[in-house]
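Worksheet for the structure shown next.
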2 protein chains.
Amino acid sequence: MEQDALDKAFMALADPVRRAMVARLSRGDATVNELAEPFTITKQAVSKHIQVLEHAGLVTRSRDAQRRPVHLDAAALEHLTAWIDQYRLIAESRYRQLDQLLGAGTEEPHEKPAKKKEELK
Amino acid sequence: MEQDALDKAFMALADPVRRAMVARLSRGDATVNELAEPFTITKQAVSKHIQVLEHAGLVTRSRDAQRRPVHLDAAALEHLTAWIDQYRLIAESRYRQLDQLLGAGTEEPHEKPAKKKEELK
DNA sequence: TTCGTAATCAACCGAATCGTTTATCAATGA
DNA sequence: TCATTGATAAACGATTCGGTTGATTACGAA
């Protein structure tokens with residue numbers, strides 16, 4: 001997943017309204033009106049939120065007469081967990097190595113500077 | 001994890017500089033200068049990014065003389081994957097149910113309105 | 001055609017972000 | 001004490017975000 005897609009996807013989840021929409025959509029597709037129902041904001045605002053989710057690749061839309069049902073893309077969510085887990089697992093395995101190196105109950109010191117180059121992948 | 005913490009955590013990851021910092025920190029703690037090295041922006045800007053990560057609960061900081069080593073909190077990352085997976089798994093299990101109900105190769109239709117109340121959890 | 005409904009577009013506003021520059025604080029060592 | 005190094009604070013500009021109102025498009029029904 002390229003940087004810009006990650007930018008948009010994490011940004012899309014950084015809003016409680018859009019997260020509630022994701023939660024709703026996990027239970028099944030929904031129209032704009034249905035997604036708007038739990039909120040007090042205008043439907044135009046809801047429409048914008050859906051566009052943010054769509055441009056982030058988290059949802060797709062089809063057409064059913066004048067309705068535009070929104071569909072959650074579970075694979076896109078998996079990409080995000082994969083990105084996070086990649087680094088979480090590196091960090092956790094490093095903690096385990098430290099633990100067994102130092103023995104239990106030791107306060108974790110911070111490491112010496114690592115000189116290796118950064119890859120932005 | 002409460003709404004505001006999720007807001008801040010996802011927002012923190014919605015920036016390529018901060019994600020690169022998370023990637024770097026997964027390999028070990030680092031100071032502001034070390035984190036700034038791969039970037040062309042000022043150290044003040046880097047310092048602000050670190051504060052964003054800190055307020056999001058993704059990193060913690062200690063003190064070593066005049067240095068302020070930054071430490072990645074793997075548990076915080078796990079909270080995020082847990083939130084995403086919660087809804088991803090609901091959606092995926094729903095797809096599986098549809099598949100076995102309709103037989104293979106069928107295009108997925110979108111569902112009828114679900115009337116149940118929304119929980120923001 | 002005309003009407004009603006679903007949804008989007010366009011323009012605008014206030015608040016938050018991301019970066020800069022300048023100045024300041026904190027700790028170390030000569 | 002004074003200079004240096006690591007890091008933060010404060011103020012500013014440009015841009016983006018989340019929301020509104022008002023107008024417009026797309027479709028189906030009468």
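Lettering follows sequence order; numbering is per chain, from 1.
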Nearest to the [X] side chain among [options], which nucleotide is it?
X       : options               : answer
B/Ala65 : C/dT21, D/dG6, C/dT28 : C/dT28
B/Asn33 : D/dG28, C/dT20, D/dA7 : D/dA7
B/Arg68 : D/dG19, D/dT8, D/dT21 : D/dT8
B/Gln44 : D/dG28, C/dT20, D/dA7 : C/dT20
A/Arg63 : D/dC27, C/dA7, D/dT20 : D/dC27

d([atom1], [X]; [atom2], [N]) in whole Å:
X       : N      : atom1 : atom2 : result
A/Leu53 : C/dT8  : CG    : P     : 12 Å
A/Arg61 : C/dA7  : CZ    : P     : 8 Å
A/Glu37 : C/dA6  : CD    : P     : 13 Å
A/Lys48 : C/dT8  : NZ    : P     : 12 Å
B/Met21 : C/dC18 : CE    : C1'   : 12 Å
A/Lys43 : D/dA26 : NZ    : P     : 18 Å
B/Gln51 : C/dT17 : CD    : C1'   : 14 Å
A/His55 : C/dT8  : NE2   : C1'   : 12 Å

Need to verify one output field. Residue with the more 5' nearest nucleotide on DNA chain D, A/Gln66 or A/Ile41?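 Here A/Ile41 is the residue nearer the 5' end.
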I want to check one thing: is the phosphate of [N], taken as OP1 and OP2, less than 4.0 Å away from some side-chain N or O of [X]?
X       : N      : answer
B/Thr31 : D/dG6  : no
B/His49 : C/dT17 : no
A/Arg18 : D/dG18 : yes
A/Thr42 : D/dG19 : no

Given side chains that start at C-beta, do those of A/Asp7 and B/Arg19 come closer than 4.5 Å, heavy atoms only?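 Yes, side chains in contact.
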Heavy-atom side-chain contact between B/Tyr87 and A/Arg27 under 4.5 Å: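 With C-beta onward as the side chain, the pair stays apart.
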State whether the side chain of B/Glu37 and the backbone N or O of B/Glu34 hold a donor-acceptor pair below 3.5 Å, judged by distance alone.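 Absent.
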Write down the atom of B/Arg88, the atom of A/Ala74, and the distance for their closest heavy-atom approach.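 Where B/Arg88 meets A/Ala74 most closely, the heavy atoms are CD-O, 3.5 Å.
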A/Thr60: what forms a side-chain contact (heavy atoms from CB on, under 4.5 Å) with it, not counting sequence neighbours?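 A/Thr60: side-chain contact (heavy atoms from CB on, under 4.5 Å) contacts with A/His71.
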